[in-house]
Amino acid sequence: MPEQCTSQDHDVITTLTADTGPAGEETGGPAPLASPARPAQRRSSAGVLPARVAFYLLASIIVSFLAASSAPTPLYAVYQAEWGFSPVTTTVVFGVYAIAVLVSLLTLGRLSDHLGRRPVLLVALAVQVAAMVVFTTAHGVPELMIGRVIQGLSTGAALGAVGAGMLDIDRPRGTVANSFAPGLGTATGSLASAFLVQYLPAPTHLVYLALVAVMAVQALGVALMRETLTPTPGALATLVPDIKLPRTVRRAVLNAAPVLIAVWALAGFYASLGPALVRTLTHSTSAVYGGLALFVLAGVAAAATLVLRAAPPRGVMLTGIGTLVAGVALTLIAVENGSSALFFAGSAVAGIGFGSGFQGGIRTVIPLTAAHERSGVLSLLYVVSYLGMGVPSVIAGYLVVHAGGLLATAREYGAAVIVLALLAVLGLLTERRSSRSRPGIA
């Protein structure tokens, strides 16, 4: 894949002088992060994998981890039939995963900036395999929740490390991959799991065992790759949650946050209650339909990330917000009219919004980060994303049971996402006007 970045991105990247130091002398981060003498692209240990192979290996880890997170989505109906729990339980199981990811991002998200990428990824892969084993042997909701907690902790630890590792190797392509891989992983896990559930035996076992095999191969690859960062002291200090931001990225994160919350709130709804909504609209119990909705949303999101990878970040975010509003509006019309075809069409349009909004947020922030800030800033962006994904979905599960039911909750949820998206537009336009009013800003 050729290097893809806009001229504006290139100017910012050049200003950061190939990651040889922080973007500025003053940062809002804690003291342990201040290690500007540690270049990001100096390999500190020998390895046999070429840089290009290592890059794609790291991208594949994001794919497999996000695939593992979405794999239970088509299985919720199976679990409900076997264990007899309500939609509230479904969203709580989903919510504890999101909370575990948040806790891990806040405590372990910056660990690889000090220990190096490889050791953090090797441990994260081992813990993720343990989560798959828990899922495979689960006999009730408690085991399912334990597995989701273990999975969330592992995912949170890995996201910052693998994303920063790709940026260490190739910043322009790494920025695109950090936006593309989550959608690809979510889509792959959802649909592959659905087909395994529908057409192969042992539906609650096979998908997890397949993921164990994939992660074992990835762990071997990580053991053979070069370390992209020289370890430095201060790892223990990073375990204390700290949400401070380098001053160079504060405004960019503030602008990106509403967009990230809006797009991931929609993803959370599709992952937790999407299968039940699709079954209602299609009048089918097929697991494939249950996984197809999330596949369409996340798959189109991944495709949109590639198509728009060279467009200006602000324009990408605005495109994401516009298509998100249009897509959600179509799905609301589909719910009102009971049209499954229109629902999937709306999901595809909303998928463009998901991919564009997430990519625009990432690309607005990441070019402003220095080497020793990457993992922490990426982790914070994922914290915002998972808050947007987890909290609304749990509230939706409660409303399904204790308020107006599934269809009424879908309408209210969709309306809330539209409001969030419009607030994001307002924030971007306000920032643009204030930027033009500042001296020296064209």
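The analysis underlying the following values was restricted to heavy atoms, covering all of them including side chains, and did not include hydrogens, waters or symmetry mates.
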Non-hydrogen side-chain atoms of Q218 and S60 separated by less than 4.5 Å: yes
To the closest 0.5 Å, what do you measure between CG (L332) and CG (L342)? 10.0 Å
Where do I362 and L381 land on the side-chain contact (heavy atoms from CB on, under 4.5 Å) test, with the steps shown first? CA-CA 8 Å; I362 294 289; L381 293 178; 3.7 Å; yes
Atom OG1 in T155, atom CZ in R148: separation rounded to 0.5 Å? 8.5 Å
Please report the shortest heavy-atom distance between L49 and G221, naming the atom on each side. CD1-O, 3.2 Å
With rounding to the nearest 0.5 angstrom, report the CG to CG distance, L196 to L75. 9.0 Å
Does a donor on one side chain sit under 3.5 Å from an acceptor on the other, for S69 and Q151? no
With under 30° as parallel and over 60° as perpendicular, where do the rings of F358 and F354 fit, or are they tilted in between? tilted
If you round to the nearest 0.5 Å, how far is CG of L292 from OG of S286? 9.0 Å
What verdict does the side-chain contact (heavy atoms from CB on, under 4.5 Å) test give for I321 and L324, after you've listed the backbone C-alpha separation in whole Å, the side-chain angles of each residue and the deciding distance to 0.1 Å? CA-CA 5 Å; I321 293 169; L324 184 70; 5.6 Å; no
Return yes if some donor-acceptor pair links the side-chain N/O of T188 with the main-chain N/O of L184 below 3.5 Å, else return no. yes
Between Q80 and T90, is any pair of side-chain heavy atoms under 4.5 Å apart? yes
Aromatic plane relationship, F343 with Y270 - under 30° parallel, 30 to 60° tilted, over 60° perpendicular: parallel
Does R173 make a cation-pi contact with F55, if we ask for NZ or CZ under 6.0 Å from the ring centre and within 45° of the axis? yes
Quick one: does any side-chain atom of T331 pair with a main-chain N or O of V328 as donor and acceptor, under 3.5 Å? yes
Are the side chain of R118 and the backbone of M225 linked by a donor-acceptor contact shorter than 3.5 Å? yes
Spacing of CG belonging to L58 relative to CZ belonging to R117, to within rounding of 0.5 Å: 10.0 Å
Heavy-atom distance under 4.5 Å between the side chains of L297 and T186, does that happen here? no
I352 CD1 to L308 CG distance, which is reported to the nearest 0.5 Å: 8.5 Å
Ignoring hydrogens and angles, tell me if any N or O in the side chain of S340 forms a donor-acceptor pair with the backbone of T282 under 3.5 Å. no
Is there a side-chain contact between R314 and T364 in this structure, where contact means two heavy atoms from C-beta onward sitting under 4.5 Å apart? no
Donor-acceptor pair, side chain of R363 and main chain of R309, under 3.5 angstrom: yes
Does S154 use its side chain to pair, donor to acceptor, with the backbone of A124 at less than 3.5 Å? yes
Using a cut-off of 6.0 Å, state whether more than 12 heavy atoms not belonging to Y289 lie near its atom OH. no
